There are 2 protein chains.
Amino acid sequence: MPKRKNIFCDTHVIDREKVERISKIMLDDSTTLDLAEIFRTLGDSTRIKILFALSKTEFCVCDLSSLLNISSSAISHQLRFLRALRLVKPAKKGRIVHYSLDDKHILKLFEEGLKHVRHK
Amino acid sequence: MPKRKNIFCDTHVIDREKVERISKIMLDDSTTLDLAEIFRTLGDSTRIKILFALSKTEFCVCDLSSLLNISSSAISHQLRFLRALRLVKPAKKGRIVHYSLDDKHILKLFEEGLKHVRHK
DNA sequence: GCGATAAATGAACAAATGTTCATATATGGG
DNA sequence: CCCATATATGAACATTTGTTCATTTATCGC
């Protein structure tokens with residue numbers, strides 16, 4: 001018997017009118033990617049904990065490492081990540097770098113997420 | 001010269017009082033994991049587009065496949081994922097399965113995310 | 001029942017992601 | 001100046017994640 005790929009649905013449409021209507025109001029790729037990026041950033045336990053801690057008060061790498069029980073190297077890498085997205089900002093004081101939230105707006109997302117988690 | 005690991009910060013604390021204070025109000029692991037899971041779910045372009053489309057009207061796999069230009073198999077896998085998290089629900093009508101949002105609350109998160117993306 | 005097709009799924013594969021380890025850089029104290 | 005140490009970083013590695021492909025299941029029309 002001949003092997004056949006499941007290509008029907010990829011070329012067929014059930015409700016063409018609907019597909020075309022929604023197609024016109026779909027999120028554009030750029031917005032979608034930006035959205036995915038910000039959500040993906042919050043989709044990691046370590047980063048969530050870092051952001052939560054920084055929402056309370058500023059922290060240096062060392063103390064975050066101690067607070068979260070994660071190597072300072074790992075913390076540093078994640079902070080680099082968060083810095084690139086301008087979610088946190090560093091303030092150097094001697095050898096110690098104090099990190100704080102750069103974008104308070106992220107907390108709104110956080111709160112909504114918490115509501116969601118607690119509500120289900 | 002002897003190789004030495006960077007273990008200082010992992011055992012040392014700069015501001016012990018602060019670490020202990022925040023430690024008491026830290027998110028617990030379970031909540032953190034739940035949060036990470038929901039954000040990670042939204043951290044994928046395909047799933048974002050599926051959820052956005054379903055926020056407008058219900059869709060079958062076939063039409064989603066056509067709308068997003070993604071194989072029906074990929075759509076099906078993602079829907080399975082979203083179903084497991086109770087974000088979407090299926091309604092079978094003959095051979096066709098119509099999916100719709102199961103958790104409207106997720107839209108709040110969505111909106112906050114959009115605000116964030118557009119505001120920066 | 002049989003053939004067509006919408007949807008689901010397991011397995012293989014590919015790509016992205018996060019951690020660890022070793023090392024480098026920078027700064028303050030002696 | 002050294003030396004200790006707070007932070008940063010590159011590379012290797014392991015894990016997770018998402019897609020594709022082949023196949024299966026379920027349902028409709030004949």
Side-chain angles (χ1 to χ4, degrees), chain A residues 1-15 19 33 36-37 39-50 58-66 68-85 88-99, chain B residues 1-15 19 33 36-37 39-50 58-66 68-85 88-99:
Chain A
M1 56 204 75
K3 293 185 178 181
R4 218 158 16 127
K5 290 173 56 179
N6 174 17
I7 56 163
F8 310 114
C9 283
D10 299 337
T11 52
H12 249 224
V13 176
I14 305 287
D15 186 341
V19 169
L33 284 174
E37 182 180 58
F39 282 128
R40 198 168 349 102
T41 300
L42 294 176
D44 175 82
S45 301
T46 301
R47 288 193 291 271
I48 285 183
K49 286 181 177 175
I50 290 176
E58 61 174 30
F59 270 101
C60 63
V61 175
C62 203
D63 284 351
L64 276 176
S65 166
S66 168
L68 306 184
N69 237 300
I70 292 171
S71 77
S72 61
S73 175
I75 297 283
S76 198
H77 276 294
Q78 296 293 8
L79 284 173
R80 177 185 162 82
F81 188 109
L82 295 171
R83 226 165 49 214
L85 270 91
V88 306
K89 62 169 185 285
K92 205 162 188 178
K93 286 175 189 164
R95 270 178 303 183
I96 296 177
V97 181
H98 295 273
Y99 280 91
Chain B
M1 54 203 77
K3 292 184 178 181
R4 217 159 14 131
K5 290 173 57 179
N6 173 19
I7 56 164
F8 310 114
C9 283
D10 300 337
T11 52
H12 247 225
V13 176
I14 305 286
D15 186 340
V19 169
L33 284 174
E37 182 179 58
F39 282 126
R40 197 168 350 101
T41 300
L42 294 176
D44 175 82
S45 300
T46 301
R47 287 193 292 272
I48 285 184
K49 285 181 176 175
I50 290 177
E58 61 174 28
F59 269 101
C60 64
V61 175
C62 204
D63 284 353
L64 276 176
S65 166
S66 168
L68 306 184
N69 236 301
I70 292 171
S71 77
S72 61
S73 175
I75 297 282
S76 199
H77 276 294
Q78 297 293 9
L79 283 173
R80 176 185 162 81
F81 188 110
L82 295 172
R83 226 164 51 215
L85 270 90
V88 306
K89 63 170 186 284
K92 207 163 187 176
K93 285 176 191 165
R95 270 178 303 182
I96 295 178
V97 182
H98 294 273
Y99 280 91

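Residue numbering restarts at 1 for every chain, and letters A, B, ... go by the order of the sequence lines. Just so it is clear, the model here is predicted, and its values are computed rather than measured.
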Of the nucleotides [options], which one has an atom closest to the side chain of [X]?
X	options	value
B:Val97	D:dA26, D:dG18, C:dA7	C:dA7
B:Gln78	D:dT27, C:dA6, D:dG18	D:dG18
A:Lys92	C:dA8, C:dA26, D:dT9	C:dA26
A:Phe81	D:dG18, D:dT17, C:dG18	C:dG18
A:Arg95	C:dT27, D:dC21, D:dA26	C:dT27
A:His12	D:dT7, C:dA6, C:dT17	C:dA6
A:Cys62	D:dG10, D:dT7, C:dA8	D:dT7

Next item on the list: Identify, between B:Gly43 and A:Arg80, the residue whose nearest nucleotide on DNA chain D lies closer to the 5' end.
Entry: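 In this pair, the answer is A:Arg80.
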Next item on the list: Measure the distance between the ring centre of B:His77 and the centre of the six-membered base ring of D:dT19, then answer whether it is under 5.5 Å with planes under 30°.
Entry: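 The base of D:dT19 is not stacked with B:His77 (the test needs centres under 5.5 Å and planes under 30°).
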Taking only side-chain N and O atoms of [X], does any of them lie within less than 4.0 angstrom of OP1 or OP2 on [N]?
X	N	value
A:Arg83	D:dT9	yes
B:Tyr99	C:dA6	no
B:Ser71	D:dT20	yes

Next item on the list: Calculate, to the nearest 0.5 Å, the distance between atoms OG1 and CG belonging to B:Thr46 and B:Leu79 respectively.
Entry: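 Those atoms lie 11.0 Å apart.
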Check: What distance do A:Glu37 atom CD and A:Leu42 atom CG have between them, rounded to the nearest 0.5 Å?
Finding: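 Interatomic distance, A:Glu37 CD to A:Leu42 CG, rounded to 0.5 Å: 11.0 Å.
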Take the protein atom [atom1] of [X] and the nucleotide atom [atom2] of [N], then report the distance between them rounded to whole Å.
X	N	atom1	atom2	answer
A:Asp44	D:dT15	CG	P	16 Å
A:Glu37	D:dT17	CD	P	18 Å
A:Asp15	C:dA6	CG	P	14 Å
A:Ile70	C:dT19	CD1	P	7 Å
A:His98	D:dA6	NE2	P	12 Å
B:Lys93	C:dT5	NZ	C1'	19 Å
A:Ile96	C:dT27	CD1	C1'	10 Å
B:Arg40	C:dG18	CZ	C1'	12 Å

Next item on the list: Considering non-hydrogen atoms only, spot the tightest contact between A:Val97 and A:Pro90 and give its length.
Entry: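 Nearest heavy atoms, A:Val97 then A:Pro90: CG1-CB, 3.6 Å.
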Item checked: Any donor-acceptor N/O pair under 3.5 Å between D:dT19 base and B:Ser73 side chain ->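 Such a pair does not exist between side chain and base.
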Does [X] reach the side chain of [Y], with side-chain heavy atoms less than 4.5 Å apart?
X	Y	answer
B:Ile96	B:His98	yes
A:Ile70	A:Gln78	no
A:Phe59	B:Val19	yes

Item checked: Residue whose nearest DNA chain C nucleotide is more 5′ - A:Ile14 or A:Arg47 ->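 The residue closer to the strand's 5' end, by nearest nucleotide, is A:Ile14.
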